[in-house]
Structure formats: C-alpha cells, structure tokens
Protein chains: 2
Amino acid sequence: MDDASDSTIKTARRRPVTLRDVAEAAGVSVATASKALNDQGRMTAETRTRVQAIARELGFRPNSLAQSLLRQRSFTIGLLTNDTYGRFSLPVMAGVSEALLEKGVSVFLCNVEDDPRLGQMHVDAMLEKRVDGIIASGKRLDRHLPVDLSNLGIPVIYAFTEPDPNSIAFVSDDEGGARLAVEHFIALGCRHIVHVTGPETFAVVHRRAEAYRAVLADHGRTPPRVMMGPWSENWGHQAIAELFDDAEGETPDAVFCGNDQIARGVVDALRERGLRVPEDVGVIGFDNWEIVAAATRPPLTTIDMNLTALGREAGLTLLSLVDGKAVEPGIRKLPCRLVVRQSCGRPPGD
Amino acid sequence: MDDASDSTIKTARRRPVTLRDVAEAAGVSVATASKALNDQGRMTAETRTRVQAIARELGFRPNSLAQSLLRQRSFTIGLLTNDTYGRFSLPVMAGVSEALLEKGVSVFLCNVEDDPRLGQMHVDAMLEKRVDGIIASGKRLDRHLPVDLSNLGIPVIYAFTEPDPNSIAFVSDDEGGARLAVEHFIALGCRHIVHVTGPETFAVVHRRAEAYRAVLADHGRTPPRVMMGPWSENWGHQAIAELFDDAEGETPDAVFCGNDQIARGVVDALRERGLRVPEDVGVIGFDNWEIVAAATRPPLTTIDMNLTALGREAGLTLLSLVDGKAVEPGIRKLPCRLVVRQSCGRPPGD
DNA sequence: GTTCTTAGAGAAAAGCTTTTCTCAAATTCG
DNA sequence: CGAATTTGAGAAAAGCTTTTCTCTAAGAAC
C-alpha cells in the first residue's frame with residue numbers, strides 16, 4: 001500500500017452542513033433556525049429570511065435520518081420483485097417512482113429471484129432500514145413471491161403479483177384486455193378468430209381464453225379455437241403451421257396472441273407462407289413490449305397492460321396507508337389499452 | 001368517510017421493538033443491552049445470553065436510522081441510470097446488489113431518463129437520505145448522465161456510462177469483445193468477414209470497428225468492410241440485401257454484428273435468401289441479450305459484456321471508497337466473453 | 001406607573017443506538 | 001487483613017432535527 005501517492009482518489013468526504021452550523025452562522029439557536037427554515041414558530045421576518053439565506057448559502061440539507069428517527073417515518077419504501085429481466089417490474093417501478101418522487105419518498109429496489117433465502121434477506125434489510133411500506137411485484141399474476149409479507153407491521157401493497165388473501169392488490173384486467181382485442185377484430189369484420197396463447201399452467205391464459213370465448217359467443221361467431229403452448233416465438237410458428245398445414249375447414253383471418261413474442265412468431269410464419277399481414281390475416285399481441293412489438297414487420301397491434309399506471313396507483317395507495325388512511329381491501333383490476341400499429345387493419349369507417 | 005367500517009384495511013402499525021424494550025424486559029440498562037447484543041463490553045455470560053434470548057424473543061431489530069445517525073453512515077447507496085428499459089442497467093444493478101446485500105447495504109434505484117430536472121431531484125433526494133455513495137450507470141458509454149456528480153462530497157463510481165475526467169469508472173472492453181468475435185471467425189476458417197454495426201455517432205462503433213480491422217490486418221485477410229446503420233433488426237436485413245444483391249466480388253461467409261438485434265435481422269435475412277446459418281454464413285452478435293439471442297433461429301453466438309460482474313466490481317470499489325480507502329482513478333476495462341450458441345460453426349478440431 | 005398580554009427567541013426533550021466514562025462491588029495479592 | 005485490581009453494569013453524551021415549553025422584554029391597557 002503506497003502511502004499518500006498523489007494520484008489515488010480518496011473522496012474528500014465533506015462533513016455535511018448541519019442545522020447547528022446554520023444556527024451558529026446566523027447567531028441564533030438551533031430551535032430558531034429550525035423554525036425559520038420550516039416556516040414555523042414566531043420570529044421577526046428579518047430573522048427568518050436571514051436564517052434562510054444563510055442556510056442556502058451554506059448548502060444546508062436537513063439530515064433525513066434525524067428527521068426520520070423523530071417522525072417515525074423514513075420516507076422510503078421497498079419494491080420487491082422476482083422479475084429479473086424487468087420486463088414487468090420496470091414499468092411498475094417507473095410508475096411507483098413517479099408517484100413518490102415528488103412526495104420525497106425513495107425506493108429500494110430488491111430482486112429476490114425465486115429464492116426464499118434472498119427474499120428473507122431483502123425483507124430483513126428493508127425492515128432494518130425502517131421502510132414505510134412495501135410494494136410486492138412480480139412477473140406472474142398467479143405466483144407468490146418467495147417471501148411471507150403478512151404481519152410485518154408495515155403496509156404492503158401487491159402490484160402485478162399474486163396477493164395474500166385479504167390484502168390490497170392492483171392487477172391488470174386480462175379479461176378486459178382480451179375482450180378489447182377480440183372486439184377489435186370483430187369490428188374489423190374478421191370472421192374466423194383463433195387464440196394462440198401460453199401454457200395452461202398460467203391462470204391468465206384461462207382468464208383471457210374465457211373472455212375470448214365469451215366475446216365470440218356474444219357475436220355468434222365460429223366456434224372458438226384456443227391453442228396453448230410456450231410463451232415463445234417458436235410456438236407462434238408452430239401454431240401457424242398447425243392451423244394452415246392440415247386445414248380441413250376454413251383458415252383463420254385473425255389471430256389473437258397471448259404475448260408479443262408469440263405474435264411475432266405468428267407474423268413471421270404467416271409472411272413466410274406468403275400470407276399478408278394484415279390484409280390476409282390480422283394479428284394482435286399482448287404486453288406491448290416495445291422491443292418486440294416495434295421490431296416486428298409489420299409492427300404489432302397489441303394490448304398494453306398499463307403497468308406504469310398500475311405502479312402509480314400502487315404507490316399512491318401505499319402512501320395513503322402509510323398516512324394512516326383506511327383502504328378497502330381487495331383486488332383492483334386496472335383496464336388494459338389497445339395499441340394500434342399495423343398488424344391488423346383499421347376499422348372499415350376509419 | 002365511513003368511520004371504522006369493518007372491512008377496510010388500516011395497517012396496524014406495530015411500534016417496533018426498541019433496545020429500551022429489550023433492556024426493560026431483561027432488567028438491565030440500555031447500555032448493557034446494547035453491549036450484550038453487539039458482543040462488546042464486559043458482563044457475565046449469563047447476562048449476555050439472557051439479553052440475546054429476550055431480544056430474539058421480542059423480535060428486536062436495531063433501528064438502522066439511529067445507527068446511521070451515529071455512525072455517519074447510512075448503509076445505503078444510490079444507483080442512477082437513464083436506461084429506462086433496463087437493458088444494460090438491470091444486469092449492472094444485479095451485480096451491485098449482489099455485492100452489497102451481504103454487507104448490509106441497500107440500493108436506491110433512480111431512473112433519471114434524460115431529464116436534468118429529474119436528475120437533480122433524484123440526486124437531491126439521495127443526498128438528503130444521506131447515501132454513502134453513488135453509482136452512475138447508463139445505456140451508452142459515450143454519453144453523460146444529465147446530472148453533475150462532481151463535488152457531491154460523497155464517493156461516486158461510474159459503471160457503463162461516460163465518466164467524469166479523473167474519476168473511477170468501469171466499462172466493458174469493446175475492443176477486446178470485437179477481437180474475440182473476429183478471432184473466433186478466423187479460427188473457424190472464415191475468409192470474408194464483414195462488420196455490420198450501429199450508427200457512427202456511437203463511440204463504441206468506432207472502437208469495435210478498429211479492433212475488427214486490426215485483427216483482419218494481423219491475419220492478412222481480405223480488406224475489411226464496415227457497414228454502419230441503426231441498431232435495428234431492419235438494418236440487419238438491409239445490410240444483407242446490400243451485401244448480396246449487387247455482389248460484384250466475393251460474398252461474405254461471416255458477419256460480425258454490432259448488437260443482437262442487428263444480428264437477428266441478418267440471420268433472418270440470410271435464411272430468407274436460402275442461405276444456411278451457420279453452414280453458409282456465420283453470424284456473431286453483441287450484447288448477449290438473452291431475449292433476442294435465444295429467440296433467433298438458430299440461437300445467436302454473441303459477445304457478452306459481463307455487466308453483472310462489472311456491477312459487482314463497481315459496488316465493491318464504491319464500498320472501498322466509503323470505507324476511506326484510496327483508489328487509483330481511471331477507467332477500468334472489464335473483459336467481454338464469447339457465448340457460443342449455434343449461429344456460427346464450431347472450430348475445426350471441435 | 002403598574003399589570004397584563006404578546007412577541008421573540010432559547011432550553012430541553014424526544015427519537016434510538018453506541019461508546020466512553022464512571023462507579024461500586026467483588027476478587028486477588030502481598 | 002488492607003490495598004490493588006478486576007469485573008459487571010449503569011450514566012451520559014453524541015449524532016441531528018423538531019416541537020413543546022419556558023422565559024424575558026417590549027408593548028398595550030388601565
């Protein structure tokens with residue numbers, strides 16, 4: 001270890017300016033200084049402005065730790081997720097952060113993968129740091145995070161993950177999203193709509209399929225056809241092969257896909273067969289994953305789950321709980337939104 | 001507002017157990033209790049174990065805010081990024097988090113987009129929360145975050161973003177990565193290697209292109225050909241069209257791409273032309289973005305920038321600085337890694 | 001001129017933990 | 001047995017801010 005070599009960096013850690021420093025510089029007590037800066041208490045206008053000016057000059061920043069200790073409130077929350085790639089939790093995080101930033105609340109992001117030990121460590125860390133509340137998020141609506149969040153003594157909100165019974169949760173309205181897609185096809189005059197979706201082990205797969213069937217039934221369309229498989233592009237290719245290779249009856253003129261990756265596979269497979277999208281077959285995806293949806297040729301019309309809005313709601317609701325307001329428990333479904341691009345024709349009158 | 005309706009949730013915020021509670025329950029002073037729990041000071045073994053047992057029983061957790069206030073250390077750091085989709089910053093975050101979790105340090109994740117106002121707000125929030133240090137990350141090696149991090153009075157480390165002069169930074173070794181790819185092609189016996197990459201406005205584009213040229217020159221290969229365009233699949237398609245449509249001389253038997261999306265476009269375009277990958281043309285991508293690399297048919301051989309390792313190093317180095325250790329300033333390039341999948345044949349002797 | 005009110009500002013406590021100092025009792029040593 | 005240690009444990013201060021209470025001096029009212 002070379003002693004005091006010139007070139008090394010050893011961050012000159014400035015002692016932060018404290019209220020006491022301000023008070024001394026202004027020639028008043030810390031009590032007065034505090035009141036001056038918080039527009040509290042009684043004092044001459046002159047004293048108040050003088051203290052404020054000096055505080056600004058010195059670059060005073062109240063020590064949040066001391067405030068938190070006193071107020072029993074850290075202005076900090078934890079966001080727990082198991083979504084490593086951030087596909088779902090990053091938009092949620094964006095919404096949460098957006099809702100909380102201006103209220104002065106910061107967010108600890110903790111990825112627990114699917115590891116209970118990791119989950120416990122993160123939860124312990126959060127409790128030690130005295131977070132005001134926790135938002136639990138994830139990558140699946142029907143799977144629990146690998147942690148027990150009941151009885152933590154602080155508010156918990158579930159956002160896009162399987163909630164505890166009797167808790168407060170925000171989830172996407174998958175039925176509504178599916179309805180949006182199928183109704184869009186119907187409005188466009190499509191006659192034969194199939195649904196290529198994910199594995200049957202996913203609850204949303206069934207919920208969306210039910211909605212799809214219901215809308216078809218409502219409009220007296222051809223019998224529904226639901227094809228389940230992996231959430232992959234490859235499955236999209238395969239499904240198209242199945243649909244068109246040994247087509248005994250009518251071939252579909254519309255495919256509603258369970259996610260954008262499947263949709264992309266479907267679009268590519270259709271193009272490879274010389275079928276035009278959207279002229280011959282319309283395709284709608286699910287998730288509005290820009291990266292996939294925009295790169296597909298043509299770009300995908302798809303369902304957006306409004307995860308950022310969901311995160312925002314979750315953040316605001318958590319804040320209400322932290323403020324001691326009572327909130328009705330239950331699962332709130334937030335509406336999805338149809339994002340129209342080019343994989344599906346425009347309605348006749350458009 | 002309905003008063004005390006049964007069904008609403010109003011989190012019963014338990015008053016957390018304090019050291020004082022433990023001390024009272026054990027019939028000792030808080031000083032003794034503290035020392036018992038921290039294995040400090042002198043006391044009967046019996047007293048110590050009794051206090052510890054009671055603490056465990058009561059579920060005592062030292063209040064991190066009080067500790068931080070005293071130690072002048074919050075055990076908290078901020079991770080600043082402008083990478084909304086998390087493509088680059090999530091792996092970095094994973095590494096940082098991994099390095100710091102067991103040291104009891106939590107991470108505030110702050111996305112500042114490219115908005116200086118947002119950046120300032122987040123930095124202010126961090127300083128108020130008294131973070132021990134900041135890691136600045138991003139989505140481009142040659143762009144600054146929209147915030148000024150000099151003179152904050154706390155250590156700052158740059159990880160995968162343009163650093164301030166005279167600071168400490170960790171970046172990927174793009175030249176090395178490019179060399180890895182081209183040398184792999186050469187080892188496979190490829191004769192005509194072209195480079196399809198991103199826009200010339202990116203510094204890494206030039207760095208990788210230079211390395212590509214240097215390796216070719218070293219091996220006395222055909223003159224290099226570098227094609228720059230957007231970072232999109234579509235550009236991959238176009239580039240292949242340009243290369244094969246009006247091919248006057250030899251057509252390439254290997255394409256080294258600037259990212260995985262371009263590589264995917266290239267692979268798809270080659271397949272559409274009836275060329276086999278990897279038999280007729282080998283393709284190597286860059287980034288190892290699983291989502292794209294694994295979905296490509298065949299799956300992409302690509303360069304991984306080891307961003308998680310980079311994040312880990314950044315986290316550990318930040319911790320050193322926080323601990324007051326001196327660190328040599330400068331930019332540290334961390335090696336990339338070749339991930340072999342199937343878009344590029346195996347070496348002859350393999 | 002005396003008493004009451006109000007204004008202005010400071011002292012002190014609280015929030016929780018850690019650490020240093022102090023002190024009384026017990027033990028060891030000569 | 002008296003003196004010197006050692007041991008066990010508590011008191012208090014520090015870290016920083018906010019808030020309540022207290023106090024003095026000035027002004028108002030009679």
Side-chain angles (χ1 to χ4, degrees), chain A residues 13-52 54-55 58-76 104 127-132 153-154, chain B residues 13-52 54-55 58-76 104 127-132 153-154:
Chain A
R13 190 194 301 256
R14 251 180 276 119
R15 191 178 62 78
V17 180
T18 74
L19 187 58
R20 169 182 228 117
D21 298 329
V22 175
E24 271 174 22
V28 297
S29 69
V30 290
T32 303
S34 172
K35 283 180 286 193
L37 296 177
N38 294 314
D39 274 321
Q40 301 272 320
R42 299 185 297 205
M43 71 194 64
T44 358
E46 188 274 330
T47 308
R48 199 181 290 281
T49 53
R50 183 163 46 91
V51 172
Q52 288 172 344
I54 289 179
L58 263 48
F60 169 72
R61 254 177 239 283
N63 185 332
S64 181
L65 278 65
Q67 291 179 322
S68 298
L69 190 56
L70 196 59
R71 294 192 186 140
Q72 310 270 56
R73 176 99 198 269
S74 68
F75 288 88
T76 277
L127 292 177
E128 261 168 35
K129 297 269 167 25
R130 291 299 195 268
V131 295
D132 294 331
I154 54 174
Chain B
R13 191 194 300 256
R14 249 180 278 118
R15 192 177 64 77
V17 180
T18 73
L19 188 58
R20 168 181 230 118
D21 297 330
V22 175
E24 271 173 22
V28 297
S29 70
V30 289
T32 303
S34 171
K35 283 179 287 193
L37 297 177
N38 294 313
D39 273 322
Q40 301 271 320
R42 300 182 299 203
M43 72 195 63
T44 357
E46 188 273 330
T47 309
R48 199 181 291 281
T49 54
R50 183 164 44 91
V51 173
Q52 288 172 345
I54 289 179
L58 263 47
F60 169 72
R61 253 179 239 283
N63 184 332
S64 180
L65 295 142
Q67 291 180 321
S68 297
L69 190 57
L70 196 59
R71 294 194 185 137
Q72 310 269 55
R73 178 91 202 268
S74 67
F75 288 88
T76 277
L127 291 177
E128 262 169 35
K129 297 270 170 18
R130 291 299 194 268
V131 295
D132 294 331
I154 55 173

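Hydrogens, waters and symmetry mates are skipped; everything else that's a heavy atom, side chains included, is used.
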In whole angstroms, how far is the [atom2] atom of [N] from the [atom1] atom of [X]?
{"X": "A:N38", "N": "D:dT17", "atom1": "CG", "atom2": "C1'", "value": "9 Å"}
{"X": "A:F75", "N": "D:dT18", "atom1": "CZ", "atom2": "P", "value": "11 Å"}
{"X": "A:L70", "N": "D:dT17", "atom1": "CG", "atom2": "P", "value": "11 Å"}
{"X": "A:R71", "N": "D:dT18", "atom1": "CZ", "atom2": "C1'", "value": "8 Å"}
{"X": "B:L69", "N": "C:dG15", "atom1": "CG", "atom2": "P", "value": "15 Å"}
{"X": "A:F60", "N": "D:dT18", "atom1": "CZ", "atom2": "C1'", "value": "11 Å"}

Measuring to OP1 and OP2 of [N], would you say a side-chain N or O of [X] lies under 4.0 angstrom away?
{"X": "B:T44", "N": "D:dA9", "result": "yes"}
{"X": "B:Q67", "N": "C:dC16", "result": "no"}
{"X": "A:T32", "N": "C:dG8", "result": "no"}

Non-hydrogen atoms of A:A55 and A:L37 that approach each other most closely
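Distance-wise, the nearest heavy atoms are CB-CD2, 3.7 Å.
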Check: C:dG10 base within 3.5 Å donor-acceptor of A:K35 side chain:
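Yes.
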In degrees rounded to 10°, what angle is found between the helical axes fit to the five outermost pairs at each end of the helix from C:dG1-D:dC30 to C:dG30-D:dC1?
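Computed angle between terminal axes is 60°.
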NZ on A:K129 to OG1 on A:T76, rounded to 0.5 Å
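Separation between the atoms: 10.0 Å.
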Could you say whether A:R50 or A:R130 is positioned toward the 5' end of DNA chain C, judged by the nucleotide with the nearest heavy atom to each?
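Its nearest nucleotide being more 5', the pick is A:R50.
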Close side-chain approach of A:R61 to B:R130, heavy-atom, < 4.5 Å:
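They are in contact (side-chain heavy atoms under 4.5 Å apart), so the answer is yes.
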Side chain of A:L19 (C-beta onward), nearest among C:dT18, D:dT18, C:dG8
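The answer is D:dT18, which lies nearest to the side chain.
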